[in-house]
Amino acid sequence: MNIVIVGVQWGDEGKGKIIDILSEKVDVVVRYQGGNNAGHTVVVDGNEYIFHLIPSGILHKGKICCIGNGVVVDPQVLLKEIEGLQDAGFTAKGRLKISTLAHLILPYHRILDQLREMKRAHKIGTTNRGIGPCYADKINRCGIRMVDLLNRSVFADKLKDNLREKNEIFRKVYNHPGFDFKKIYCEYMEYAKRLSGYIANTALFLNEALRQKKDILFEGAQGTFLDIDFGTYPFVTSSSTISGGAAIGTGVSPEKIDKVLGVAKAYTTRVGEGPFPTEYPRRFGNFMREKGAEFGATTGRPRRCGWFDAVMVKEAVMLNGISELAIMKLDILDGLKSIKICVAYKYKGKVFRDFPHDTTVLRNAAPVYKEVPGWQGPVTGIGAFGRLPANARSYLKRLQDLLGVKISIVSVGSGRQDTIFL
Ligand code: IMP
């Protein structure tokens with residue numbers, strides 16, 4: 001079975017844990033978009049692992065992990081991650097493949113990300129990792145790819161060409177001294193030496209694996225509402241986070257994908273700026289952030305927290321073709337007297353049951369809530385759906401009815417064992 005795992009909110013839904021669990025059942029795991037703006041946290045035997053680029057499937061010995069062409073790669077970060085894995089007793093040699101076609105993040109991307117953000121009247125709150133500028137160069141046809149790293153003269157030529165234009169912009173627009181060719185060239189040729197053994201035609205590898213009836217898990221990063229097309233633009237990331245991105249970002253035909261599993265938190269979080277209709281009031285938000293340890297895995301920034309938004313998730317179910325949903329962090333709702341679920345928005349007397357595209361509507365909309373009774377808990381350690389408190393079960397059933405999809409996994413704690421399969 002070839003399955004896509006996709007976030008249905010604004011990222012940080014807990015995809016890392018689901019990917020880690022499902023990796024056991026597949027042969028290959030491939031990441032299809034994003035870069036080291038992502039942070040997937042996995043807890044195994046009490047040890048916490050955070051991945052920014054390498055699929056979390058790497059923790060399962062014998063599985064092959066790919067970084068697809070749709071990913072943007074900061075080689076410095078990737079090498080650090082490979083070393084970290086080695087220190088923890090896992091080896092990437094022979095098990096990690098990076099697409100020749102994946103684009104490289106260069107120092108000027110990182111700096112431009114910061115400078116542009118500083119100048120923006122309406123800040124996006126980017127992770128400052130150079131993701132947006134790198135994707136912009138890809139679309140602008142001046143990006144540099146992994147395959148170029150393997151060819152010194154091509155790399156030098158492309159870098160020179162980029163610096164000629166970019167340094168002028170850096171000086172004139174941003175009052176920044178610009179970048180030295182030799183410094184970047186030497187740094188990246190060093191990365192090339194260390195990464196060359198991992199760079200491969202992953203599209204060919206994946207399609208050959210499919211021909212041999214192997215199972216592939218497609219790992220999405222971020223979430224549906226950070227998608228460059230369908231997210232809360234411009235407060236989005238620069239890639240196609242939805243399930244359709246899995247085909248574009250790997251070179252595997254959509255025809256080969258059997259199933260899309262959506263991952264949602266039992267509530268909602270968002271990092272960075274942008275509309276968030278169901279955001280909790282400040283004090284309650286602070287309380288829930290502490291309770292759920294809602295701080296970014298990449299930047300450590302506090303995450304904004306709010307109630308479950310069924311309008312959003314219903315839209316995500318449609319956009320991604322989701323047939324099953326995993327609900328994460330149910331335990332964080334333990335002990336609440338009542339729980340709200342957003343079923344529509346109201347703006348200027350009009351009721352919106354579908355996700356509006358107008359950011360002004362989203363920003364000013366009043367959520368229409370259904371309120372359901374909470375439970376005392378704790379739900380952590382409960383291994384079966386039937387043993388969950390009755391109100392927790394009815395909360396999940398309510399979500400299922402509202403969304404029209406089956407909830408097949410419920411996570412009630414951070415460890416692999418704190419997972420209920422339905
Ligand atoms: P960028 O991807 O760094 O350009 O950031 C664009 C927006 O996406 C910002 O609001 C970030 O906080 C958000 N973002 C990017 N990656 C993630 C993620 O993995 N989880 C949650 N938010 C993210």
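Each residue takes its place number in the sequence, starting with 1. Owing to the predicted nature of the structure, the values given are computational and were not obtained by experimental measurement. Numbering of ligands and ligand atoms starts at 1, following listing order.
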*For this output row, return yes or no: ring centroids of Phe170 and Phe179 closer than 6.0 angstrom.*
yes
*asked:* Looking only at protein heavy atoms, which one is nearest to atom 2 (O) of ligand 1, and what is the separation?
replied: Thr237 OG1, 2.6 Å
_Tell me the contacting part of Thr127 for ligand 1: side chain, backbone, both, or neither, using a 4.0 Å heavy-atom threshold, strictly below._
both
*asked:* Checking a contact table here: which protein heavy atom is nearest atom 10 (O) of ligand 1, and how many Å away?
replied: Val271 O, 3.2 Å
*Strictly under 4.0 Å, does any heavy atom of Gly125 approach an atom of ligand 1?*
yes
_With a cutoff of 4.0 Å, is Trp10 in contact with ligand 1, counting heavy atoms of the residue only?_
yes
_Numbered atoms of ligand 1 (with element) below 4.0 Å of Leu226, judged on heavy atoms_ = 8 (O), 13 (C), 14 (N), 22 (N), 23 (C)
*Is the ring centre of Phe284 less than 6.0 Å from the ring centre of Trp307?*
yes
*So between Ala38, Gly223, Gly130, whose heavy atom ends up nearest atom 19 (O) of ligand 1?*
Ala38
*Among protein heavy atoms, which lies nearest atom 21 (C) of ligand 1, and at what distance?*
Asp12 OD2, 3.1 Å
*Work out which heavy atom in Lys291 is nearest to a heavy atom in Leu333; give both atom names and the distance.*
NZ-C, 4.0 Å
_Geometric N/O contact Arg129 with ligand 1, under 3.5 angstrom_ = no
*Within 45° of the axis and under 6.0 Å from the centre of the six-membered ring of Phe308, does NZ or CZ of Lys265 qualify?*
no
*Does Thr241 reach the main-chain N or O of Gly223 with its side chain, forming a donor-acceptor pair under 3.5 Å?*
yes
_Ring centres under 6.0 angstrom apart (Phe235, Trp10)_ = no
*Run through His52, Arg129, Gln222 and flag the one making a side-chain hydrogen bond (donor to acceptor under 3.5 Å, both in side chains) with Asn37.*
Gln222
*Test the Lys97-Phe205 pair against the cation-pi criterion, namely NZ or CZ under 6.0 angstrom from the six-membered ring centroid and within 45° of the ring axis.*
yes
*Can the ring centres of Tyr280 and Tyr267 be said to be less than 6.0 Å apart?*
no
_Using a 3.5 Å cut-off on N or O atoms only, is Thr126 in polar contact with ligand 1?_
no
*Looking only at atom types and distance, does a side-chain atom of Arg95 sit under 3.5 Å from a main-chain N or O of Ile58, one as donor and one as acceptor?*
yes
*Compute the shortest N/O to N/O distance between Asn37 and ligand 1 and return yes if it is under 3.5 Å, no if not.*
yes
_I need the nearest protein heavy-atom contact for atom 6 (C) of ligand 1: residue, atom name and distance, please._
Val236 O, 3.3 Å
*Is Gln222 in contact with ligand 1, taking contact as a heavy-atom separation below 4.0 Å?*
yes
*At a non-hydrogen distance cut-off of under 4.0 Å, which region of Thr299 contacts ligand 1 (side chain, backbone, both, or neither)?*
neither
*asked:* Below 4.0 Å from ligand 1: does a non-hydrogen atom of Arg301 turn up there or not?
replied: yes
